[in-house]
Amino acid sequence: MVTTAGPYGGPVQSVIAPPGSGSPTVLRILLGAQLRRLREAKRLSLEEAGNVIRASHSKISRLETGRVGFKDRDIVDLLTFYGVTDEQEREALRSLAVRANSPGWWHDYADVLPSWFEPYVGLEEAASQIRAYEVQFVPGLLQTEDYARAVTMLGYSNPKEINRRVSLRMARQAILERTSPPSLWVVLDEALLRRPIGGTSAMRAQLRHLIDMSQRPNVSVQVIPFKAGGHAAAGGPFSLLRFAEYDIPDIVYLEQLTSAQYLDKQDVVDSYLAVMERLCIDAQTPANSIKTLKTILREA
C-alpha cells in the first residue's frame with residue numbers, strides 16, 4: 001500500500017499490485033491510475049504534468065490510461081513534481097513501472113500478433129470474467145486445435161504462419177487451466193454449431209470439446225436456437241471483460257476484419273451489458289444448451 005498526501009492534507013491511498021500479479025497490460029493501467037490520482041490530488045492539469053516530462057498533455061493522458069509504456073526518468077520527474085518524497089514509495093512505483101514494461105508471453109508471437117489485438121490478449125490474461133456472444137465461430141478460448149487451424153486457414157495460406165497463429169490461440173487457453181481461472185460465459189448462435197468448419201470429423205470433435213468444457217464450474221455455455229427468432233444483439237459478436245482490480249473498468253471488445261475497438265465508457269459498457277443479459281434470457285439454459293450440443297453432435 002502506498003499512501004500520499006491528498007489535496008487537503010488527508011491521505012490518498014493506492015494499492016501497489018503484489019509481485020507476480022497481473023499482466024503487463026493491466027500493470028500499466030494500474031500504474032497509470034495511480035499517477036492520475038497523484039496528479040489530481042495536487043490539482044495539476046495534464047498540460048502542467050506534460051511540461052515536467054517534456055511531453056504533451058496527450059502523452060500524460062496515454063500514460064494515465066495505460067496505453068503506453070513508462071520511462072523511468074519520466075516516473076522520477078512526475079513523482080518529484082507530485083510531491084512524493086518517501087523513497088520506499090518512489091521505489092515501489094518505479095518497480096511497478098519496470099514490471100509494467102516487461103513483455104508478456106504473447107510477445108513471442110509478435111510476428112503474427114496484430115498490434116490491434118495485442119491489448120486484448122493482455123486484458124484477457126488478467127480478466128476475472130470473460131463474457132462473449134458469437135455468431136460465426138466458436139470463441140477462441142474454447143476451440144480445439146483442428147477447429148482453430150480450419151478457421152485460420154480461411155484467412156491465411158502460409159503453413160508456417162498458420163501454425164504460429166494456431167499456437168498462439170492454444171497458448172491463450174492456458175488461462176482456463178490456472179488454479180484460479182477466470183469465469184468464462186459464452187452465448188453461441190446455433191448457426192455456428194451447425195457450420196462444419198474443418199469438415200465433419202473436426203466439427204464433431206469441437207462439439208464434444210464444447211460439451212466437456214461447458215461442464216466445468218467456471219465455464220457456462222448457452223445456445224440461442226434458431227426458433228428463438230430475432231434477438232437483442234443485432235449488431236454482431238462482442239466480448240465483455242471484467243476485472244477484479246478496482247482501477248480497471250469493464251471493457252467491451254469489438255473485432256473487425258483488420259482492426260478492433262476497445263470501449264470503456266460506462267454508459268456504453270452498460271448498454272452492451274444489458275444486451276448480454278437479454279441474450280442470456282433468450283438463450284437456452286446451460287443445462288438445456290448441453291442437450292442441444294449433444295443433439296447437434298448426433299446429427300453431425
Say whether [X] and [Y], considering side chains only, have a donor N or O and an acceptor N or O under 3.5 Å apart.
X      : Y      : value
Gln266 : Asp270 : yes
Thr292 : Gln284 : yes
Arg164 : Ser167 : no
Glu118 : His107 : yes
Arg178 : Ser180 : no
Asn163 : Arg149 : yes

Point to revise | Pairing residues for Tyr253 by the side-chain hydrogen bond (donor to acceptor under 3.5 Å, both in side chains) criterion, not counting sequence neighbours | key: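 Residues passing side-chain hydrogen bond (donor to acceptor under 3.5 Å, both in side chains) with Tyr253: Glu255.
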Review point. Listed by chain and number, what are the side-chain hydrogen bond (donor to acceptor under 3.5 Å, both in side chains) partners of Asp74, not counting sequence neighbours?
Key: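 Once residues adjacent in sequence are excluded, Asp74 has no partner under the side-chain hydrogen bond (donor to acceptor under 3.5 Å, both in side chains) criterion.
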So does [Y] get a backbone contact from the side chain of [X], meaning a donor-acceptor N/O pair under 3.5 Å?
X      : Y      : result
Ser239 : Ala132 : no
Ser102 : Val98  : yes
Glu64  : Ala33  : no
Ser61  : His57  : no
Ser271 : Asp267 : yes
Tyr133 : Val186 : no
Ser259 : Gln256 : no
Glu89  : Leu79  : no
Ser289 : Val223 : yes

**Study point:** Hydrophobic cluster identity match, Leu141 and Tyr147, side-chain contacts under 4.5 Å
**Key:**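 Yes, Leu141 connects to Tyr147 through the hydrophobic network.
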Review point. Are Leu123 and Tyr109 co-members of a hydrophobic cluster defined by side-chain heavy atoms under 4.5 Å apart?
Key: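 As far as the 4.5 Å side-chain criterion goes, Leu123 and Tyr109 are connected within one cluster.
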Grab the two heavy atoms, one from [X] and one from [Y], that are nearest each other, plus how far apart they are.
X      : Y      : value
Glu190 : Pro225 : OE1-CA, 3.2 Å
Met213 : Val219 : O-CB, 3.2 Å
Thr152 : Ala148 : OG1-O, 2.8 Å
Arg28  : Val68  : CD-O, 3.3 Å
Val187 : Cys280 : CG2-SG, 3.9 Å
Pro24  : Gly104 : CG-N, 3.9 Å

Review point. Looking at Leu46, Leu35, Val52, which hits side chain to side chain contact (heavy atoms under 4.5 Å, CB included) with Ile60?
Key: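 By the side chain to side chain contact (heavy atoms under 4.5 Å, CB included) criterion, Ile60 pairs with just one of Leu46, Leu35, Val52: Leu46.
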Exercise for review: Report yes if the side chains of Leu27 and Phe70 come closer than 4.5 Å at any heavy-atom pair, otherwise no.
Suggested key: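 Leu27 vs Phe70: side chains apart.
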Point to revise | salt_bridge(Arg169, Glu145) N-O dist < 4.0 Å | key: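 Judged by the 4.0 Å cut-off on N to carboxylate O distance, Arg169 and Glu145 do not form a salt bridge.
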Point to revise | Residues forming a ring-ring contact (aromatic ring centres under 6.0 Å, His included) with Tyr156, sequence neighbours excluded | key: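 Listed in chain order: nothing, the list is empty.
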